[in-house]
Amino acid sequence: SSQAGTNCLSNLRDLRTHTVPYAVPASMLRSHVFLWVVAASGAAMQACIAAQPERTCSTPQQQSCEADVDYDETAAMQFKAHPKVLSIDPPPVVMREQRMLASSYSVSVNGVPAAIFTQPCQGDNMPGEHPCGTQTNNFISHTLAASGAPVRVEVTSSLWTSELGDDVNIRPSHLRDIGVVSDIEVLGTSEGKTIAFNISKPCQVSVEIGDEDLLFPDEDAYYKFAALFLFINPPVSAMPHQPPSVTTDSCTSNEVGRSCAIAYTDDSCANLTVDANQDLVFRHAGGDGFTSYTWGDGCGDDPKKIVLLEGGRVYLDDNVIVYARILSTDLSTGVYGYGVVSNQFMQGHKMIETGKNVISLEGPTSEVFGPVVLDSTYRNVQLGAQGKCSYSKLLSWNMETDCVNMLSSGGRIDNNFFKANDDCLKAYQADTVYTGNVIWHQDVGRVIMYSWGNIEEAVDINGSVIFKDTYIIHDQLGFRRATTLPTTNVAVGLQAGMIYYSSLINAQHSPSNHIGTKESPVYIEGLHLESRVGSILLITNGYESLDGKASWMWNDDSCTGPVFLHINGLNMRYLTGEAAPSVVGGCDLDSSVPGMLNSDCLCTTARNCSASDCHVGITIENVIPPLSSDVPTLRDTLVVGDSAVVSWK
């Protein structure tokens with residue numbers, strides 16, 4: 001009953017220094033399903049259980065489904081997205097992460113159970129186009145020992161039934177080919193399915209138990225899917241800057257000339273400043289669950305800000321959750337460690353002024369190494385000149401949550417895992433290198449983005465912009481067809497119809513900067529595709545807001561610069577389908593396409609342009625075709641338009 005539930009919650013608040021810091025809104029105490037598990041120290045252990053109505057799911061992999069009862073769907077969604085977290089007094093307490101949708105997986109590493117974090121979908125996405133659904137991200141984070149010895153991982157999925165098939169995919173599949181993932185075996189199928197396998201090096205993998213075409217029979221299945229990610233981190237000794245030494249109530253930096261402080265929480269949402277050359281340590285309180293750091297009531301749409309002065313650093317212990325943003329405009333700041341930085345309390349509300357980027361280190365030579373970044377509502381991570389982002393994991397649902405934004409040149413973005421929801425690897429700055437990144441592409445934005453027609457992002461780039469060993473493990477547009485506008489110019493009809501189509505590689509180019517040169521093209525080496533994809537490549541050059549779309553595309557009454565791209569190594573071995581064509585094309589000098597708005601080529605003799613200014617040149621070599629002959633290659637689906645040359649080697 002509502003009164004019984006209230007009494008139970010009251011008892012939990014009395015045990016606040018021993019228990020999970022979660023509470024349930026009173027509106028949930030009517031007919032909703034929830035199981036409350038409290039992780040207590042000592043003998044304190046309580047559980048609050050509400051009555052569970054009969055529920056029927058249409059598919060086994062669906063984590064949540066409608067009950068055959070009348071209940072408040074809005075309240076249920078609000079709680080699922082954002083359980084209220086109680087403020088805690090220092091020192092922080094251990095919590096065992098449990099949500100209304102508890103994880104449907106169990107994971108152990110070398111026989112030791114791993115704590116699983118469940119991230120329900122929340123966001124301001126347009127429901128008709130980019131639905132949240134009932135999808136969740138479930139993940140564990142494990143740090144390898146200094147010896148670098150392989151680990152044995154055991155995974156049980158309670159969602160699996162024989163109807164989902166016997167296949168197991170551990171993606172990127174390339175890791176199996178090179179032996180990083182090995183010795184996969186099925187241990188049991190009596191209660192779900194249990195598998196085991198070895199992992200020999202730091203990596204991030206998606207574990208999918210069941211046949212791909214049964215887990216993902218259509219696009220809608222992605223919005224009901226419970227994903228499981230394993231984040232296997234490098235040893236602590238591999239961190240660029242070693243964590244401070246910590247005692248019961250103090251810490252000491254391991255570098256000369258630096259101070260150190262232990263982090264605590266209070267009721268204030270005011271900024272927390274990390275002094276110049278200071279280390280701030282968020283330590284785990286012990287036990288096998290998570291330790292959370294929450295200020296006030298979570299600070300809502302204006303999250304707590306941790307502001308780093310020059311040389312300031314934040315260190316996150318494993319399985320620590322910090323509900324805040326970490327910001328700096330000063331030199332050489334950093335975030336290190338494998339804990340979680342979360343903006344969950346924003347509940348998906350897009351507040352650009354108060355919630356832009358969960359981590360933003362704008363000063364030169366700053367660094368992000370290792371954290372899990374959750375629930376950004378606008379952008380994710382931002383770095384200044386020569387910034388670095390390594391072994392980080394970004395998981396967000398909202399549109400416009402671009403992965404990493406570089407403010408200047410010299411960036412190095414390597415060995416990260418991205419499941420964000422807009423442009424991910426952005427080639428907007430010279431001398432930027434992306435290496436070894438894994439991407440689960442959702443339904444907004446592009447994986448590799450060269451231009452979206454914005455003047456503020458129009459920088460001349462060349463072969464110093466490199467994407468090496470990029471692994472695209474899913475594309476949620478793998479079932480979505482392209483729109484073609486009727487015109488005698490087939491390529492332009494596709495380019496106009498697909499302006500908003502989130503291809504994997506994209507340039508919608510109208511400013512006068514050049515994207516690569518003939519002598520020094522922008523460079524992609526080792527692009528690995530698997531599962532289904534939508535469109536692989538969409539390059540449009542020389543038009544201002546073609547067909548009146550993308551009205552922000554900028555033209556300074558000058559000639560558009562050319563686009564030159566070199567792809568060396570396209571691995572399509574594990575590709576299972578393509579939903580849309582790929583298109584590349586510029587426009588001919590002084591040309592126009594009849595009957596289409598803004599289809600006049602920006603390159604004209606009146607502007608003293610040459611025929612090569614609106615050109616697109618693509619070189620593609622070393623393509624590994626799909627295993628299945630039923631799946632087309634890029635060459636089969638590529639449409640080449642005006643003023644474009646594609647060379648195959």
Side-chain angles (χ1 to χ4, degrees), residues 59 61-62 121 123-135 171 206 208 211-225 227 396-403 418-425 439-449 452 470-486 490-508 527 529-540 546-547 549-550 572 574-584 626 628 630-634 636-639:
T59 57
Q61 72 268 30
Q62 196 170 339
C121 183
D124 276 348
N125 293 332
M126 294 180 285
E129 296 183 45
H130 316 291
C132 218
T134 56
Q135 61 189 316
R171 308 181 192 272
S206 172
E208 299 160 23
D211 296 358
E212 179 187 319
D213 58 345
L214 297 175
L215 292 175
F216 305 103
D218 51 32
E219 183 178 341
D220 188 55
Y222 282 103
Y223 306 108
K224 304 172 185 176
F225 189 69
S396 55
W397 309 103
N398 271 66
M399 298 168 56
E400 298 187 287
T401 51
D402 301 15
C403 296
F418 300 123
K419 188 184 177 185
N421 206 12
D422 218 307
D423 301 333
C424 193
L425 310 181
I439 294 98
W440 180 309
H441 183 227
Q442 297 192 79
D443 58 359
V444 182
R446 289 77 181 167
V447 173
I448 297 176
M449 186 61 163
W452 196 219
T470 303
Y471 303 91
I472 302 175
I473 61 173
H474 278 288
D475 179 8
Q476 293 186 194
L477 297 185
F479 295 93
R480 194 176 299 184
R481 303 297 182 186
T483 299
T484 305
L485 296 189
V490 175
V492 176
L494 281 166
Q495 289 171 320
M498 295 176 66
I499 282 181
Y500 296 131
Y501 193 103
S502 296
S503 61
L504 301 182
I505 305 169
N506 185 272
Q508 301 286 348
L527 179 62
L529 309 181
E530 56 184 293
S531 66
R532 294 184 59 89
V533 299
S535 172
I536 297 174
L537 185 62
L538 178 59
I539 306 291
T540 302
L546 188 61
D547 192 42
K549 301 184 178 76
M572 306 176 73
Y574 298 109
L575 197 66
T576 57
E578 293 179 58
S582 293
V583 189
V584 298
S628 172
D630 296 330
V631 179
T633 67
L634 175 59
D636 297 327
T637 63
L638 183 63
V639 176

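All of these numbers come straight from a predicted model, not from anything done at the bench. Worth knowing before you read on, the calculation uses all heavy atoms, side chains too, and leaves out hydrogens, waters and symmetry mates.
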Quick check for you: to the nearest 0.5 Å, what is the distance between [X] atom [atom1] and [Y] atom [atom2]?
X      : Y      : atom1 : atom2 : result
Lys224 : Leu215 : NZ    : CG    : 13.5 Å
Ile472 : Ile448 : CD1   : CD1   : 6.0 Å
Ile499 : Thr483 : CD1   : OG1   : 11.5 Å
Tyr223 : Gln135 : OH    : CD    : 7.5 Å
Asp443 : Met399 : CG    : CE    : 8.5 Å
Gln442 : Cys121 : CD    : SG    : 7.5 Å

Partner set under salt bridge (Lys or Arg N to Asp or Glu O under 4.0 Å) for Arg446, not counting sequence neighbours: none
Taking salt bridge (Lys or Arg N to Asp or Glu O under 4.0 Å) as the definition, give me every residue that meets it alongside Asp402, ordered by chain and number, with sequence neighbours left out. Arg379, Lys426
My understanding is that only residues two or more places apart in sequence, or in another chain, count here; which of them pass side chain to side chain donor-acceptor pair (under 3.5 Å) with [X]?
X      : answer
Asp211 : none
Asp213 : none
Trp440 : Gln476
Asp547 : Lys549

Tell me, with the steps shown, if Asp423 and Asn506 meet side-chain contact (heavy atoms from CB on, under 4.5 Å). CA-CA 10 Å; Asp423 301 333; Asn506 185 272; over 6 Å; no
Check against side-chain contact (heavy atoms from CB on, under 4.5 Å), Glu212 and Arg171: CA-CA 12 Å; Glu212 179 187 319; Arg171 308 181 192 272; 3.1 Å; yes
Please report the shortest heavy-atom distance between [X] and [Y], naming the atom on each side.
X      : Y      : answer
Gly445 : His441 : O-NE2, 2.6 Å
Asp475 : Ser531 : N-OG, 4.3 Å
Gln495 : Ile539 : NE2-O, 3.1 Å
Ala420 : Thr401 : CB-O, 3.1 Å

Of all residues at least two apart in sequence or in a different chain, which pass the ring pair (Phe, Tyr, Trp, His ring centres under 6.0 Å) check with Tyr574? none
Contacts of Tyr222 that satisfy ring pair (Phe, Tyr, Trp, His ring centres under 6.0 Å) - sequence neighbours left out: Phe216, His474
Ala550 backbone acceptor or donor facing Tyr500 side chain under 3.5 Å: yes
Just jot down the side-chain contact (heavy atoms from CB on, under 4.5 Å) partners of [X], sequence neighbours excluded, or say none.
X      : answer
Ala579 : Arg481, Tyr501, Arg532
Cys424 : Cys403, Phe418, Ile439
Asp630 : Ser628
Thr637 : Glu578, Ser582, Pro632, Leu634

Among Ile505, Leu538, Leu537, which one satisfies side-chain contact (heavy atoms from CB on, under 4.5 Å) with Val584? Leu537
Applying side-chain contact (heavy atoms from CB on, under 4.5 Å) to Asn421 and Asn398, what does each step give before you reach the verdict? CA-CA 6 Å; Asn421 206 12; Asn398 271 66; 6.0 Å; no
